[in-house]
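Here is how names work: the chains are called A, B, and so on, in the same order as the sequence lines, proteins then strands, and each is numbered from 1.
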There are 2 protein chains.
Amino acid sequence: MDRPYREAIEKLKTADLRPTRQRLALSRLLFAEGPRHVTAEALHDQAVEAGVRVSLATVYNTLHQFTRAGLLRQVVVDGSKTYFDTNTIDHHHFYHEVDGRLVDIPGEAVTVAGLPASPPGTEVVRVDVIVRLAGEGK
Amino acid sequence: MDRPYREAIEKLKTADLRPTRQRLALSRLLFAEGPRHVTAEALHDQAVEAGVRVSLATVYNTLHQFTRAGLLRQVVVDGSKTYFDTNTIDHHHFYHEVDGRLVDIPGEAVTVAGLPASPPGTEVVRVDVIVRLAGEGK
DNA sequence: GTGATTGCAAATCTTTTGCACTAAA
DNA sequence: TTTAGTGCAAAAGATTTGCAATCAC
């Protein structure tokens with residue numbers, strides 16, 4: 001029983017989610033390497049390719065549960081698809097409009113100045129900065 | 001023939017769009033008063049209420065044509081709905097997550113500092129700042 | 001066992017499309 | 001006329017839901 005496996009189980013237990021086969025597999029796909037941005041569809045494809053038997057509905061469920069648990073963050077850049085970001089630390093994004101690719105911009109680097117106070121009775125949940133890019137890029 | 005009517009016709013002609021009954025009606029609903037944020041559904045409802053006979057498909061077409069012509073701007077804040085903004089000048093948004101309401105933040109007020117250079121071969125189309133709000137608000 | 005989780009297929013919601021019909025130039 | 005624009009209903013895409021079967025505890 002390797003280390004990442006135990007960690008994955010702990011992670012789920014902490015989030016009050018039963019470490020089922022599907023959740024464990026998705027968790028490992030998501031958090032195995034550095035930060036990534038996935039859509040439900042893409043993660044499902046990746047899981048199937050990796051030989052994990054899981055339904056698309058369960059992928060959707062899992063992504064939302066992970067988001068609720070603070071393990072993922074939703075990024076809205078395109079009306080038609082929902083992206084989930086494994087980087088939950090404060091940061092921003094480059095968005096390549098041509099191919100839909102997202103690239104992180106570290107949060108520490110960026111400063112947003114001059115924002116008006118939030119309306120009375122409201123609270124700022126988050127400030128998102130999205131830099132929309134055109135052109136081929138890398 | 002009142003002034004706003006002539007202006008509406010001019011606006012459409014300039015955009016190389018035939019001033020049809022539907023486009024004129026939608027144009028007047030959209031630009032009659034100050035800046036607004038609408039969804040296709042909402043604009044269609046408003047049109048129907050106002051006694052304008054227009055189909056939802058035409059509302060979608062028209063919103064996209066107006067956007068292409070630079071008369072509107074698309075705002076992405078929520079995966080499920082597409083908002084169109086009659087304010088095409090550089091600016092940002094408060095987004096009330098509870099009720100989906102959008103409020104403009106003047107562009108001059110805000111400064112975004114520290115953004116990394118855009119990746120080689122790409123060009124910045126636009127920088128969007130979205131301040132997500134929780135709580136009842138006004 | 002018992003309640004949480006999963007899978008499947010059907011349902012939903014928003015947006016787009018194909019095409020015959022209508023209207024603008 | 002001639003071509004652009006419209007309406008309808010069907011199609012498409014992403015996401016959600018209902019419910020019986022299955023799994024974790």
Side-chain angles (χ1 to χ4, degrees), chain A residues 1 5-6 8-27 29 37-48 51-69 71-72 74-84 100 102, chain B residues 1 5-6 8-27 29 37-48 51-69 71-72 74-84 100 102:
Chain A
M1 204 183 252
Y5 187 69
R6 297 182 83 102
I9 290 187
E10 276 320 303
K11 198 168 206 166
L12 290 177
K13 283 197 172 161
T14 306
D16 254 313
L17 295 168
R18 286 189 184 174
T20 63
R21 176 175 61 74
Q22 292 84 338
R23 295 213 266 238
L24 276 170
L26 294 177
S27 172
L29 288 176
H37 305 94
V38 293
T39 60
E41 190 84 45
L43 182 59
H44 181 247
D45 289 353
Q46 198 196 340
V48 169
V52 178
R53 283 181 50 264
V54 62
S55 73
L56 183 56
T58 296
V59 173
Y60 272 106
N61 286 339
T62 303
L63 287 172
H64 285 135
Q65 290 154 353
F66 282 14
T67 300
R68 228 173 294 134
L71 269 38
L72 293 176
Q74 256 180 94
V75 183
V76 180
V77 280
D78 175 325
S80 62
K81 272 167 197 215
T82 302
Y83 289 80
F84 292 85
L102 273 172
Chain B
M1 205 185 249
Y5 187 70
R6 296 182 84 102
I9 290 186
E10 276 320 303
K11 199 169 208 167
L12 289 177
K13 284 198 172 161
T14 305
D16 254 312
L17 297 169
R18 286 189 184 173
T20 64
R21 176 174 61 74
Q22 292 84 339
R23 294 213 267 237
L24 276 171
L26 294 177
S27 172
L29 288 176
H37 306 93
V38 293
T39 61
E41 189 84 46
L43 182 59
H44 181 247
D45 289 352
Q46 198 196 338
V48 170
V52 178
R53 283 181 52 264
V54 61
S55 73
L56 183 55
T58 295
V59 172
Y60 272 106
N61 286 337
T62 304
L63 287 173
H64 286 135
Q65 291 154 352
F66 282 15
T67 301
R68 229 173 293 133
L71 270 38
L72 294 176
Q74 241 171 307
V75 183
V76 180
V77 281
D78 175 328
S80 60
K81 272 166 196 214
T82 302
Y83 289 79
F84 293 85
L102 274 172

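- Annotation for B/Val54 and B/Ala47: closest pair CG1-CB, 3.8 Å, computed over non-hydrogen atoms.
- Fit an axis to the five pairs at each end of the helix from C/dG1-D/dC25 to C/dA25-D/dT1 and the two axes sit 30° apart, to the nearest 10 degrees.
- Residue B/Arg18 contributes atom CZ, which lies 7 Å from atom C1' of D/dG5 at whole-angstrom precision.
- In this structure, A/Ile9 places its CD1 atom 8 Å from P of D/dC25, rounding to the nearest Å.
- Nucleic acid contact for B/His64: sugar-phosphate only, since backbone atoms but no base atoms lie under 4.0 Å from a heavy atom of the residue.
- Scanning all heavy atoms of the two residues, the minimum distance from A/Leu12 to A/Pro19 falls at CD1-CA, 3.7 Å.
- Residue B/Lys81 has its side chain nearest to C/dT14 when only C/dT14, C/dG7, D/dT6 are considered.
- Rounded to an integer number of Å, the gap from CG of B/Leu12 to C1' of C/dA25 is 15 Å.
- Taken from OG1 in A/Thr39 to CG in A/Leu43, the straight-line distance is 8.0 Å, to the nearest 0.5 Å.
- Side chains of A/Val52 and A/Gln22 form no contact here, defined as non-hydrogen atoms less than 4.5 Å apart.
- Between A/Lys13 atom NZ and D/dA24 atom P the separation is 12 Å, expressed in whole Å.
- In this structure, A/Thr39 reaches neither bases nor backbone, as no heavy-atom distance under 4.0 Å exists between it and the strands shown.
- Interatomic distance, B/Leu26 CG to B/Arg21 CZ, rounded to the nearest 0.5 Å: 10.0 Å.
- Note that the CZ atom of B/Arg68 and the CG atom of B/Leu17 stand 8.5 Å from one another [nearest 0.5 Å].
- In this structure, the NE2 atom of B/His44 is 14 Å from the C1' atom of C/dT14, given to the nearest Å.
- Atom pair B/Leu24:CG and D/dT6:C1' shows a separation of 14 Å (rounding to whole Å applied).
- Within residues 52-62 of chain A, the residues that place at least one heavy atom under 4.0 Å from DNA chain C are, in residue-number order, A/Arg53, A/Val54, A/Ser55, A/Ala57, A/Thr58.
- In this structure, the CZ atom of B/Arg21 is 19 Å from the P atom of C/dC21, given to the nearest Å.
- In terms of phosphate contacts, B/Arg23 brings no side-chain nitrogen or oxygen within less than 4.0 Å of OP1 or OP2 of D/dA4.
- Among C/dA24, D/dA14, D/dT6, the nucleotide with an atom closest to any side-chain atom of A/Glu41 is D/dA14.
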Name every donor-acceptor pair, under 3.5 Å, that has one atom in a side chain of residues 55-65 of chain B and the other anywhere in the protein, sequence neighbours excluded.
| residue | atom | partner | partner atom | Å |
| --- | --- | --- | --- | --- |
| B/Ser55 | OG | B/Thr58 | N | 3.2 |
| B/Ser55 | OG | B/Thr58 | OG1 | 3.1 |
| B/Asn61 | ND2 | B/Ala57 | O | 3.4 |
| B/Thr62 | OG1 | B/Thr58 | O | 2.7 |
| B/His64 | ND1 | B/Tyr60 | O | 3.3 |
| B/Gln65 | OE1 | B/Arg23 | NH1 | 2.9 |

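- Side-chain nitrogen and oxygen atoms of B/Thr82 include at least one within less than 4.0 Å of the OP1 or OP2 phosphate oxygen of C/dT15.
- The shortest distance between the side-chain N/O atoms of B/Gln65 and the OP1/OP2 oxygens of D/dA4 is not below 4.0 Å.
- The shortest non-hydrogen separation linking A/Ala8 to A/Leu24 is CB-CD2, 3.7 Å.
- In this structure, CG of B/Asp45 is placed 11 Å from P of C/dT14, rounded to the nearest angstrom.
- Each of A/Asp78, A/Val38, A/Val77 was evaluated against A/Leu102; a single residue qualifies, A/Val77, per the side-chain contact (heavy atoms from CB on, under 4.5 Å) test.
- For the pair A/Tyr83 (side chain) and A/Gly100 (backbone), a donor-acceptor distance under 3.5 Å is present.
- Between D/dT6 and B/Thr20, a contact under 4.0 Å exists linking OP1 or OP2 to a side-chain N or O.
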